[in-house]
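Worksheet: the structure to be examined is printed underneath.
Side chains included, hydrogens not; waters and symmetry mates left out as well; all remaining heavy atoms used.
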Amino acid sequence: MIETKYQLKIILLMNIFDKNFLFKQAEKKDLKRLMNFIKINGKKNHILAHDSNFFKYEYITKEKINFLIAINKNDKKIYSIHGFIPYSYNKKNLHICGSVGLTKINNKYPLLGIETFKRMLSLVKHSTYCGIGTNPNTMLPLIKKFFKRHTGQMIHFYY
């Protein structure tokens, strides 16, 4: 049962996402489109937009690329991405760390980036997740609000 107007808005947004987008893990054939998406919607000099060897080294596992992508069903273009890096490949205990998350500039779907992140967490069967380097100005407030996640800063020591 829907209790608040806020919950109703979330349900309506989910229907909009399912109606308009295909969420899937990227495949090797998506590499050039992914790199181009990062170049256009992220920083122009981002290493993942220019260095395919580094991109492959960091993100390709067998035939899959460790990015969840949201593809618009109408124009077949990528509208949102969220990368992850596995720290283990044990199927029972997969540990992942979030990586690059971007949404198409000036898209008409509010919270598409959050939905892509949420779907990445549900589709990638993981035991633990960490988000080292979460942007404190853009993503961190959303993570706290929508996922009720505890965040903090590590204190680093060296000897």
Side-chain angles (χ1 to χ4, degrees), residues 10-11 13-147 149 151 154:
I10 296 296
I11 289 168
L13 274 175
M14 288 171 55
N15 291 338
I16 289 169
F17 294 136
D18 288 329
K19 179 182 173 187
N20 293 293
F21 292 97
L22 167 67
F23 293 90
K24 69 171 195 136
Q25 187 170 349
E27 300 171 31
K28 281 185 179 179
K29 65 181 181 178
D30 298 313
L31 180 63
K32 287 185 181 182
R33 289 191 334 152
L34 259 170
M35 291 178 71
N36 193 49
F37 181 85
I38 293 169
K39 184 185 290 184
I40 293 169
N41 297 286
K43 294 181 180 177
K44 303 284 183 249
N45 61 350
H46 197 290
I47 191 168
L48 295 179
H50 298 283
D51 190 336
S52 62
N53 288 330
F54 181 73
F55 196 116
K56 290 173 187 176
Y57 172 78
E58 285 292 320
Y59 291 98
I60 291 185
T61 308
K62 298 182 183 175
E63 292 301 312
K64 298 286 186 179
I65 298 177
N66 294 327
F67 269 86
L68 192 84
I69 56 178
I71 299 173
N72 186 291
K73 290 180 180 178
N74 294 320
D75 64 15
K76 308 296 184 217
K77 293 182 179 178
I78 297 173
Y79 273 56
S80 185
I81 64 172
H82 197 93
F84 60 94
I85 297 175
Y87 286 131
S88 70
Y89 293 97
N90 179 341
K91 290 185 181 186
K92 290 184 181 180
N93 295 307
L94 178 64
H95 306 286
I96 63 172
C97 183
S99 181
V100 178
L102 290 172
T103 302
K104 185 176 190 241
I105 297 170
N106 299 324
N107 84 82
K108 65 178 184 177
Y109 300 95
L111 302 177
L112 178 58
I114 289 294
E115 185 65 18
T116 305
F117 176 67
K118 183 180 96 175
R119 303 258 179 143
M120 184 272 298
L121 290 175
S122 68
L123 291 173
V124 178
K125 303 298 181 208
H126 62 283
S127 300
T128 60
Y129 170 85
C130 64
I132 299 168
T134 302
N135 188 310
N137 300 317
T138 57
M139 195 65 167
L140 189 58
L142 298 173
I143 295 298
K144 287 181 178 181
K145 181 175 184 171
F146 291 104
F147 294 95
R149 296 224 172 184
T151 63
M154 293 176 63

Which atom pairs, donor and acceptor, lie under 3.5 Å between side-chain atoms of residues 47-58 and protein residues at least two apart or in another chain?
residue : atom : partner : partner atom : Å
His50   : NE2  : Lys44   : O            : 2.5
Asp51   : OD1  : Asn53   : N            : 3.2
Asp51   : OD1  : Phe54   : N            : 3.0

Check: residues 96-106 side-chain donor-acceptor pairs under 3.5 Å, at least two apart:
residue : atom : partner : partner atom : Å
Ser99   : OG   : Tyr59   : OH           : 2.4
Thr103  : OG1  : Ser80   : OG           : 3.3
Thr103  : OG1  : Gly113  : N            : 3.4

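Residues passing the side-chain hydrogen bond (donor to acceptor under 3.5 Å, both in side chains) test with Asn41, sequence neighbours excluded: none.
When side chains are defined from C-beta on, Tyr109 counts as touching Asn72, because their heavy atoms get closer than 4.5 Å. The shortest distance between side-chain heavy atoms of Asn20 and Asn74 falls below 4.5 Å. Val124 has its side chain out of reach of Leu68: every pair of non-hydrogen atoms, C-beta onward, lies at least 4.5 Å apart. Taking 4.5 Å as the limit, every side-chain heavy atom of Glu115 sits out of range of all side-chain heavy atoms of Phe21.
If you take NE2 on His126 and OH on Tyr87, they are separated by 13.5 Å, rounding to the nearest 0.5 Å. Rounded to the nearest 0.5 angstrom, Arg33 CZ and Asn36 CG are separated by 10.0 Å. Atom OG1 in Thr116 sits 10.5 Å away from atom CG in Leu111 (nearest 0.5 Å). Remark: Arg119 CZ to Lys24 NZ distance equals 15.0 Å, nearest 0.5 Å. The line from CZ of Phe84 to CG of Leu94 is 7.5 Å long, rounded to the nearest 0.5 Å. Atom NE2 of His82 is separated from atom CZ of Phe23 by 13.0 Å, given to the nearest 0.5 angstrom.
Annotation for Lys43: atom NZ does not count as buried by contact number, only 12 or fewer foreign heavy atoms lying within 6.0 Å.
Looking only at distances, a side-chain donor or acceptor of Gln25 sits under 3.5 Å from a matching main-chain atom of Ile65. When atom types are taken as modelled, the side chain of Lys76 and the backbone of Lys73 share a donor-acceptor pair closer than 3.5 angstrom.
Of the candidates Asp30, Ile78, Ile69, Ile78 is the only one forming a side chain to side chain contact (heavy atoms under 4.5 Å, CB included) with Phe37.
The two atoms that bring Leu112 and Tyr79 nearest to each other are CD2-CB, 3.6 Å, heavy atoms only.
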